[in-house]
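In this chain, numbering begins with 1 at the start of the sequence shown.
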Amino acid sequence: MLNITRLFIIGFLVFYQVCGCKSEDAEQLGVEKESHAGNDFTDNDYAEHLKELEKKVPKGFTVVLQKPFYVIGNEPEKMVELRCKNTIKWAVEMIKKDYFSSDPLDIIDIWLFKDKESYRKYAREIFGDEPTTPYGYFSDEDNALVMNISTGGGTLVHEIVHPFMHSNFLECPPWFDEGLASLYEQSCEKNGHIYGKTNWRLAGLQKAISNNAVPSFKQLASMNRHEFYNLDKGTNYGQARYLCYYLQEKRLLVEFYHKFYGNREADPTGYTTLKRVLGEEDMDAFKQKWEAFVLGLRFP
């Protein structure tokens, strides 16, 4: 029998991830989220989606409704439920609290495979894919996140950010879409808000800074998808992440997002808004200050 658990979880669950953040005085953000058209799926929508989903779920997997997702996993049932509550529900509540008012445009399936072997096996059998990453990926064709959860929950949180960004700020350029998502690859809760910590991308960025190989922020903000994802991808991700990290540390990140969204037609790259929120006119001088800041960071 297919093991199907439906969780309708009420209330707010506080979950501190293993990165070990400590609470501080509450930060007054001083911004309001924009109101978007809601994607309010009905119980019938979820039931119809489940009918189609069950056709591809292998025997012995657990299926959990963790709105706005279905979560499917081959770990023990209790572990799948814990991942829903402690990672997925937590991440969704945190990013909606600061950034997003609308759920993803579609009901998305999150497949959590317990190890490398089952991840690769079922990626082939269910999706016809040969994964190019050991961590996980998003399948556009199947509208699904496919994860090797044994590598940790960081990639999962990263990938959860994207469908929320796409439903709330479709025009968001790749530098901020990936910068925000990768910021929360290593995250915890601080002051009741999601907080990104330093992570493995730091070393590569520090090396690029030392080699004078990091583009200007105007260049980064102006990159189209091809340029961002294909031209020195590692440096672009690192620069975008640690620009978001800098904004976070100056308590400017949430303000930047909402002002960027509000000014998106006049400033589609976010560069002008970035200068305004930072209070910087000379961005070459700011880049030197930011680089010194990054070189002073440590991971772990």
Side-chain angles (χ1 to χ4, degrees), residues 9 12-27 29 31 33 66 68-69 71 79 82-100 103-104 108 110 112 133-138 145 147-166 168-169 172 174-205 234 237-258 293-294 297-300:
I9 304 172
F12 181 83
L13 174 69
V14 177
F15 173 69
Y16 289 89
Q17 294 193 341
V18 294
C19 53
C21 288
K22 295 182 180 179
S23 179
E24 298 176 349
D25 293 339
E27 176 182 353
L29 297 174
V31 294
K33 290 181 292 183
Q66 182 59 68
F69 305 108
V71 183
M79 179 57 71
L82 282 173
R83 294 197 188 279
C84 287
K85 289 187 260 187
N86 292 352
T87 301
I88 297 170
K89 180 177 186 287
W90 175 83
V92 168
E93 288 180 337
M94 291 292 101
I95 62 176
K96 289 183 74 172
K97 185 175 186 178
D98 282 348
Y99 302 104
F100 307 123
D103 282 340
I108 294 173
I110 299 178
L112 304 179
T133 167
Y135 308 108
Y137 64 94
F138 184 79
L145 298 178
M147 314 297 303
N148 173 9
I149 198 61
S150 69
T151 63
T155 300
L156 175 57
V157 177
H158 175 128
E159 293 295 342
I160 285 172
V161 172
H162 288 314
F164 279 92
M165 183 70 80
H166 298 168
N168 286 272
F169 188 0
C172 184
W175 78 266
F176 189 68
D177 187 15
E178 295 295 350
L180 191 69
S182 62
L183 176 64
Y184 296 136
E185 290 166 343
Q186 183 110 4
S187 57
C188 62
E189 187 173 324
K190 187 176 183 179
N191 279 343
H193 298 269
I194 191 168
Y195 176 81
K197 301 194 77 178
T198 58
N199 76 341
W200 60 272
R201 295 188 191 273
L202 180 61
L205 178 60
Y237 268 88
Q239 184 182 11
R241 184 189 198 270
Y242 283 94
L243 175 56
C244 287
Y245 182 88
Y246 180 92
L247 288 166
Q248 171 190 262
E249 294 304 283
K250 301 301 180 182
R251 298 190 174 189
L252 296 173
L253 181 58
V254 175
E255 176 187 352
F256 171 75
Y257 169 79
H258 291 284
F293 167 83
V294 172
L297 298 175
R298 295 293 179 267
F299 174 77

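Ring centroids of Tyr99 and Phe164 are separated by 6.0 Å or more, keeping the two rings apart. Aromatic ring centroids of Phe176 and Phe256 lie under 6.0 Å apart.
Rounded to the nearest 0.5 angstrom, Arg83 CZ and Ile149 CD1 are separated by 4.5 Å. Rounding to the nearest 0.5 angstrom, the gap separating the CE atom in Met147 from the CD atom in Glu159 is 6.0 Å. To the nearest 0.5 angstrom, Ile160 atom CD1 is 7.0 Å from Leu145 atom CG. Here Leu243 contributes atom CG and Leu205 contributes atom CG; the two are 10.5 Å apart, rounded to the nearest 0.5 Å. Atom CG of Asp103 and atom CZ of Phe69 lie 8.0 Å apart (nearest 0.5 Å). Annotation: the span from Glu255 atom CD to Asp98 atom CG amounts to 13.0 Å, rounded to 0.5 Å.
Under the 3.5 Å distance criterion, the side-chain polar atoms of Lys97 are matched with a main-chain donor or acceptor of Gly192. One N or O on the side chain of Ser182 and one on the backbone of Gly179 form a donor-acceptor pair closer than 3.5 Å. Judged by distance alone, the side chain of Arg241 and the main-chain N or O of Leu183 form a donor-acceptor pair under 3.5 Å.
Scanning both residues, Pro134 and Asn148, for their nearest heavy atoms gives O-ND2, 3.1 Å. When every heavy atom of Leu180 is checked against every heavy atom of Cys244, the shortest pair comes out as N-SG, 3.8 Å.
The pair Glu93-Lys89 meets the salt-bridge criterion, with a side-chain N (NZ, NE, NH1 or NH2) lying under 4.0 Å from an Asp/Glu carboxylate O.
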**Request:** Could you go through the side chain to side chain contact (heavy atoms under 4.5 Å, CB included) check for Tyr184 and Met94 one step at a time?
**Result:** CA-CA 11 Å; Tyr184 296 136; Met94 291 292 101; over 6 Å; no
**Item:** side chain to side chain donor-acceptor pair (under 3.5 Å) between Gln248 and Tyr242, intermediate numbers included
**Value:** CA-CA 9 Å; Gln248 171 190 262; Tyr242 283 94; over 6 Å; no
**Message:** Working note: Asn168 + Tyr257, criterion side chain to side chain contact (heavy atoms under 4.5 Å, CB included); need CA distance, chi angles, decisive distance, verdict.
**Reply:** CA-CA 11 Å; Asn168 286 272; Tyr257 169 79; 4.0 Å; yes
**Request:** Quick one: do Phe138 and His162 satisfy side chain to side chain contact (heavy atoms under 4.5 Å, CB included)? Show the steps, please.
**Result:** CA-CA 10 Å; Phe138 184 79; His162 288 314; over 6 Å; no
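Contact check for Trp90 versus Ser187: side-chain heavy atoms found under the 4.5 Å cut-off. Put simply, the side chain of Trp200 reaches to within 4.5 Å of the side chain of Glu185, judged on heavy atoms.
Under a cut-off of 6.0 angstrom, the local environment of OH in Tyr135 is sparse, with at most 12 non-hydrogen atoms contributed by other residues, nucleotides or ligands.
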